[in-house]
Amino acid sequence: MSGRRQYPFHLIEPKWQKAWDEQQAFRAFNPGEEIPANHPFAERHKLSGKVSAAQLPAKFYILDMFPYPSGAGLHVGHPEGYTATDILARYKRAQGFNVLHPMGWDAFGLPAEQYAVKTGQHPRKTTEENIATFKRQIQSLGFSYDWSRELATTDTGYFKWTQWIFLKLYNSYFDPELKKAQPIKFLEDALSHSPKFKKQWESNSYLEKIHKTWVEMPERITANQGNKFRSNVIENSRLAYVSEQPVWWCEQLGTVLANEEVVDGKSEVGGFPVVRKPMRQWMLRITAYAEKLLQDLDTIDWSDSLKEMQRNWIGRSEGAQISFRAENPRSPSNPKHYFSIDVFTTRPDTLFGATYLVLSPEHTFVSHLTTDAQRTAIESYKIEVARKSDLERTELAKEKTGVFTGSYATNPVNNEKIPIWIADYVLASYGTGAIMAVPAHDERDWDFAKKYGLPITPVVALFSKVFSPFTKVGSDTAGKQTQHLVINGKEQQVQVYYECCVPEEGFAVNSSNDEVSLNGLPTVDAKKKIIDWLNSHESHELGFGMVNYKLRDWLFSRQRYWGEPFPIVWKIGPDGESYHEALPESSLPVLPPTLEDYKPTATGEPPLARAKDWVNLPDGSVRETNTMPQWAGSCWYYLRYLDAKNNSAFVGKDVENYWMGANSCKSQVESCKLDDAQKPSTFNLQPSTSTPGVDLYVGGTEHAVLHLLYARFWHKVLFDLGYVSTPEPFFKLVNQGMVLGEDNQKMSKSRGNVIPVDVPVAEVGTDALRLYEMFMGPLEMVKPWNTKGVEGVYRFLGRVWRLFVDEKSETEFQQAETTAETQRRGELLNLIKLNYSIQNVAATSAQLKTLHSCIKKVTEDLDGLRFNTAISAMMVFVNDAITWETKPVSVLRDFLILLQPFAPHIAEELWQKLSANSQLPSANLAYASWPKFDAALLVESEIEIPVQVNGKLRDVIKVSVNATQADLGTAAKNSEKVKPFIEGKTIKKIIVVPKKMVNLIVG
RNA sequence: GCCCACGUGGCGGAAUUGGCAGACGCGCUAGAUUCAGGUUCUAGUGAGUAACAUCAUACAGGUUCAAGUCCUGUCGUGGGCACCA
C-alpha cells in the first residue's frame, strides 16, 4: 500500500484491543456467576452480583467452526466467517442480548503427529506453538470473543469429557420401541431372572420380548452358552461396539479411515490409496439415528443445499427386502439344505421381471453356491476384483463384468429358476450385497444381461397416449409392442418396451400368479400391492417392505498417537476369549503415555502399543491402543464452551439449559418444530428472540457431512439420555463462501497467491480488513480477493475519520508522533481534536432522514446477514454527512453505534472523543443501545413517481404523497415530457400503482 | 450420468411482493490542490447519438399494462453425488 496513512489505525487498534482485554469487556456471564458492578454488561443491564437465569437477558449463542491450528497461520480467507459472526455478536450485544461468542482449537490432528514421527518433538509442543500463532493473529483482528472460555480438544480437562461421552455411548443402546437411546442397564436387567427389574421390561415391548427369549431358553443349555447369548445381545446393542470387518486401510497414513474420509478411493487427507482390510475396530451405531437425523433436518434452518447433502449421505430409500431360495449345490436333493438370498430393491413392482440374481464378489454365500464346474472361474474373478482398488472399480468399470456361480435360485412370485451370478457392479456395502436383476427396467442390469445373454422380461408399460414410445428407445422401434390392458375399468392401449426403459410412472404388465396380480396397476400402486402380498406371508418368509439407508456405522478408531485414548481395557474370560470392559468414570482422563518414537510398531500395531508399561495393567488386563478420530473432539465443543472450566460435569445443567434451552424462546419447547408462521425466512435472524440450541453457526461447507452429521448424532444421544435440552445442536447454520486469490484461483501455497492476514492488518488496519471481508459480496458466495477493493473501504474509514476530526490538530499529532518514543505514541492520540462543525444542536429533518434510512437499512441487512449492503448504506450516510455544515452530536453518536460492529476500533476512538467533547458519559460503545429506527422521520410530503407510456419510462413527476389515483393520472397526462408520446392518440387505459408508478396505455 | 445452485457494465456486486436496471465500491476520464509523485476534493462514467430516438440483465420463445425477477426450451459456469439396486 502506498501513500499517506488515512488515519492512525496503527495506534488506535492496539489501544482498544488492550482496553477490551483489561476490562474483559466481552466476557459472557453464566447464570449464578458473579458479575462485577463495573463491568459494562452490568451497567447496561443494571445487574450486579450473582444473577439467576431468570434475571439475565435473553441469550444469543453465535458460534464459529473452531479452526485446526496449522503451522501456516491465517490467510485472508480465514477471517471471513469470523468477521461475520463478530459483527452479529456485537450487533446482538447492542440490542441487549447476553451474547455467547467463544473461540477454541480443534487441536488433535495428523500434521503434529507426522512432525513428531519425523523429529521426535512431542505433538503437544507443536500444537501449543501453532495455537499461539493462531491466537495472536485472531486477536489482532479485534474479535469480541470471550477468551475466558477458550478450549483446546487436546486439553486433558477437555478430552476427559470426550472420553466420558464415549462411555455414555458404550453404555447405551438404541431402543427400537422408544426410538431413543437408553442405558444399557435396562437391557441387562431384561436379561435377568430377577423379578426386581420387572417394571423395566413390562413397560417396553422390546425389552419384554428380549426377556421372554431369555427366560424361555431351554434349560439344558450350559451356563456358558447362556452367558454367551446374554453378552451377544448386549454387545450387539451398544452404541459403541467392536466389529471385525473390512475397513479402509491407508498404508501411507498408517491408519484406518471412516467412509466419510475416503474420496474417490483415496484418503481425503493426502490423497493416498486405500484398500479394504478386515480389522477389529470400534464403531459408533450412527445408523440407529438415520431416520431421526433425516427427519429433524426439517426442524432446523440450514441452507437447502446443505440439507440436501446430508439427505444424500443418509440415503434413505423405500422398497422391499425379498428372499430368493437357492438349493445347496452340495446336496441338491435335500429340500432342507437351502440358502435364502436376501436382496434389497426399490422396485418390488418389477419382481416378476427379475430374471437373474447378482451377488457382490465378497458376499458370504458365494463359495457355498459355486458349483465345481464354475469354481476356477469364480475364484479367479474374486482375486481379480480384490486386486482392483476401489478407484479402478469406479473409474474403469463402466464395462460390466461377472461370472456365473453355476447355481440357481427361485423367483418367489413365479417359481422360475433364475441363475445366480457374481459381479463387481454390485456393492458389498450397500443393502444386502445382492440384487435381483430386472434387465428390462434397469440400465445396469440391461447392460449385463445383453453382454452375457441373460433373459429379459418386460413388466412395466407406458401409456401410448401419454408417453411417446420413442423417447427412450431412439430410432429403434423393434423393441416395443402394443398391448391392450384394462386400466380403471377401461381398455387402454399401452406400449410394452423390449428395450431397457426406466419409466417413472408406468403400469405393470406380465405380472401375475395365482395369488396376486399387478397387471394394469400404476407403479406406485403395484409397489404397495406386492409389498402387502410379501408382508402377508407367514414370518415374512418371502420378504417384506423396508426402508434402506446408505449411511453406515461410524468407524471410530484410529491407529494414531495424537488422539484421545479409549477408556477401555481388554481381559481374558474363563472361556479363554478376550472381552472388553469400560474403565470407571473415576479413572478419567485416560492420558496417553509419553513415547520416544511415534511410529506404529513393526507389527502394525498403533503407536500406543509401544508403551508396554502403560498398556499392561497390574491386574493382567490390557489397554485399548487405538485412539479416537479427530472428529470426536469437535462433536461437542460447542457444549463445553458453555461451562468450559467445570470439573465435575461436561457442562452444568442449569448453564446448559440457559444457553441451549428453549426457555427464552417463543417456539415450542417440545419438538423445536416450527410451524410455517414461525419459520424464519431464509437467512433471517429472529430479530427479537433467541432460538433453542446454537442461534447461529457459521463455517465452511467442507464439514457438510462429516462434522455436522457426527455432532448432530452425539447431540441426539445426549438428548435422549437427558444431558442436553434440545434434540438439535445448531438451529441456524450458514456456510460462508470461499475467498479466492486475486487470480480467481483458490488460495494455495503452490500457486503463490496466499495473502496472510498480517499483511493487510499492517497496511490498512484490521478495521479496513474486516470491512472489506464483508464488502466483497454476500457471505455465502465464492468471491475473489482484490487489493484495490481493500483500499476502497480503507478510504471510506479515512472519510469517517475526517468527518469527525480537526485537520489542524491531526497535523500537530503527526508532527509530535515523528519525534515521540514508540511506547508513548498512543497517548498522542489525545492531541487529535474533533472538528468545529460538530455541535450539540438539534438535527434537521433532512439530517434525521439520512440517519434513519441508514439505521433502517443497516438493521434490516444485519438481520438478513447482508453485510455488503449494510456497509454501502453507511457509505451513503457518510457521503451525505460530510457535506453538512453543522453536524449534530446526537446523529454522529447513532452512526458510530451502527459502525461499531463492523469497524469497532475506529468507532470506539471517535466515540471516546465525541463523549469527552460533549460531556456525555463515555460508557463502553460495545454496550451502547442499538438505535431505533423511526419510520415517521422518513415520511416525505412529496414523492417522485415514474410515468410510463406503453410501459416505457418517459418522465418522473413530483406529486403529493396524498395524491389520489385520479390525481396521479391527470398529473401524468399533463407532463410536458409525456405529451409528445400521447398527442393524437387515445388513452385506452391508465394503470396507477399508488405511490409507485403510472403507466399510460395509448393506441 | 443424476441432483442442486447461479449467469446483470471493464471488475466485485445492488435492485422486499413483477413497478425508474446498474445502489455502493474498484477501475477509467477531466479538472482543482501539490515543485512533483502520492493523498484529498469536484464532475463524469452500460452501449449508442451532436442531442433525442433507440438498444441493453447468457441465448430463444412465452405470460403481463409492466419481466433481471414468473413459465418453457437451449447454452455456459460452479457445487454435490456417482454402478446406492
Side-chain angles (χ1 to χ4, degrees), chain A residues 2-6 264 303-309 311-313 315-317 319 343-347 350 354 358 360 393-395 397-400 423-427 429-438 441-445 447-448 548-551 681 701 704-705 735 737-738 744 771-772 775-778 780-793 795-796 798-799 802 807 857 860 864 866 868-876 878-879 882 944-956 980 988-993 995-1002:
Chain A
S2 50
R4 203 176 70 109
R5 193 178 276 131
Q6 290 275 353
D264 289 337
S303 73
D304 289 338
S305 65
L306 189 58
K307 286 186 182 183
E308 200 54 30
M309 277 196 241
R311 285 194 194 103
N312 286 340
W313 195 263
R316 182 185 201 275
S317 36
V343 304
F344 174 75
T345 177
T346 55
R347 294 297 301 269
T350 63
V358 188
S360 66
R393 248 169 104 157
T394 52
E395 268 193 358
K398 293 301 169 195
E399 171 83 358
K400 304 269 177 295
D424 68 355
Y425 81 91
V426 174
L427 307 176
S429 50
Y430 181 74
T432 60
I435 61 151
M436 64 177 211
V438 185
H441 306 293
D442 181 288
E443 282 182 38
R444 293 153 303 173
D445 298 342
D447 292 344
F448 195 76
N548 192 49
Y549 300 91
K550 213 158 72 178
L551 185 69
S681 58
T701 181
V705 285
N735 287 124
M738 211 175 331
N744 246 308
L771 219 48
Y772 183 64
F775 190 62
M776 271 186 285
E780 62 280 14
M781 210 186 256
V782 177
K783 55 238 154 207
W785 186 262
N786 178 357
T787 300
K788 286 288 185 192
V790 185
E791 290 176 38
V793 292
R795 271 203 283 274
F796 162 68
R799 251 190 343 272
R802 290 189 294 278
E807 224 178 302
K857 184 82 177 132
E860 287 174 353
R866 294 180 297 267
N868 53 336
T869 48
I871 293 167
S872 90
M874 290 189 290
M875 288 173 167
V876 170
V878 171
N879 288 346
I882 210 156
E944 292 190 332
I945 297 289
V947 180
Q948 297 178 347
V949 179
N950 284 348
K952 289 197 173 163
L953 183 73
R954 296 305 178 191
D955 194 13
V956 177
K988 288 188 188 160
K989 200 175 174 185
I990 302 176
I991 289 157
V992 178
V993 183
K995 297 186 185 181
K996 281 275 187 202
M997 51 89 59
V998 180
N999 192 2
L1000 306 174
I1001 313 302
V1002 297

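Chain letters run A, B, ... following the sequence lines, proteins first, then strands; residues in each count from 1. Worth knowing before you read on, the calculation uses all heavy atoms, side chains too, and leaves out hydrogens, waters and symmetry mates.
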Which residues pass the ring pair (Phe, Tyr, Trp, His ring centres under 6.0 Å) test with A:Phe448, sequence neighbours left out?
A:Tyr356, A:Trp421, A:Tyr425, A:Tyr452
How far, in whole Å, is B:rG19 from B:rG27 if one measures between their P atoms?
32 Å
When the nearest nucleotide of RNA chain B is assigned to A:Ile871 and to A:Ser429 on a heavy-atom basis, which residue is associated with the more 5' position?
A:Ile871
Would you measure the distance from the C1' atom in B:rA30 across to the matching atom in B:rU8 and give it in whole Å?
28 Å
Counterpart residues, side chain to side chain donor-acceptor pair (under 3.5 Å), relative to A:Tyr549 (two or more places apart)
A:Glu291
Using a heavy-atom cut-off of under 4.0 Å over every strand shown, decide if A:Asn879 touches base, sugar-phosphate, or nothing.
sugar-phosphate
Taking CG from A:Leu771 and C1' from B:rC24, how many angstroms apart are they, rounded to a whole number?
12 Å
Run the side chain to side chain donor-acceptor pair (under 3.5 Å) test against A:Lys307 and tell me which residues pass, sequence neighbours left out.
none
Dump the intermediate steps for side-chain contact (heavy atoms from CB on, under 4.5 Å) on A:Met738 and A:Thr701, then the final yes or no.
CA-CA 9 Å; A:Met738 211 175 331; A:Thr701 181; over 6 Å; no
With rounding to whole Å, what would you report as the distance between B:rC24 and B:rA14 at their P atoms?
14 Å
Would you measure the distance from the P atom in B:rU45 across to the matching atom in B:rA51 and give it in whole Å?
12 Å
Respond yes when some side-chain nitrogen or oxygen of A:Lys307 is under 4.0 Å from OP1 or OP2 of B:rA5, and no when none is.
no
Partners of A:Asn879 by side-chain contact (heavy atoms from CB on, under 4.5 Å), sequence neighbours excluded?
A:Arg799
Could you tell me whether A:Arg954 contacts a base, only the sugar-phosphate backbone, or nothing, with contacts defined as non-hydrogen atoms closer than 4.0 Å?
sugar-phosphate
For A:Lys988, what residues pass the side-chain contact (heavy atoms from CB on, under 4.5 Å) criterion, not counting sequence neighbours?
none
Using the closest heavy atom to pick a nucleotide of RNA chain B for each, name whichever of A:Tyr772 or A:Gly951 lands nearer the 5' end.
A:Tyr772
Using a 4.0 Å heavy-atom cut-off across all strands, classify A:Lys952 as base, sugar-phosphate, or nothing.
sugar-phosphate
Decide yes or no, distance alone: a donor-acceptor N/O pair under 3.5 angstrom between the base of B:rC83 and the side-chain of A:Lys400.
yes
Pick base, sugar-phosphate or nothing for A:Thr701, based on heavy-atom distances below 4.0 Å to the nucleic acid.
nothing
Secondary-structure notation, RNA chain B, from Watson-Crick and G-U pairs under 3.5 angstrom (| other strand):
(((((((..(((......[....)))((((((.......))))))((......))..(((((..]....))))))))))))....
C1' atom, B:rG9 versus B:rG25: distance in rounded Å?
14 Å
Quick one: list whatever passes side chain to side chain donor-acceptor pair (under 3.5 Å) with A:Arg802, sequence neighbours left out.
A:Gln6
Report the residues that fulfil side-chain contact (heavy atoms from CB on, under 4.5 Å) with A:Asn868, sequence neighbours left out, ordered by chain and then residue number.
A:Pro778, A:Arg866
Taken in chain and number order and not counting sequence neighbours, the residues that satisfy side chain to side chain donor-acceptor pair (under 3.5 Å) with A:Lys783 are A:Glu80
Determine the interatomic distance between C1' on B:rG79 and the same-named atom on B:rU16; round to the nearest Å.
28 Å
Using a cut-off of 4.0 Å between protein heavy atoms and nucleotide atoms, how would you tag nucleotides 13-22 of chain B 5' to 3' with B, S and -?
SS-BB-BB--
Each nucleotide N or O in nucleotides 40-51 of chain B that has a protein N or O under 3.5 Å away: list the pair and distance.
from: B:rU40; atom 1: OP1; to: A:Gln6; atom 2: NE2; distance (Å): 2.6

With sequence neighbours left out, write down each residue that passes side-chain contact (heavy atoms from CB on, under 4.5 Å) with A:Asn312, or none if nothing qualifies.
A:Glu308
Pick one for B:rG78: is it syn, with its angle within 90° of 0, or anti?
anti
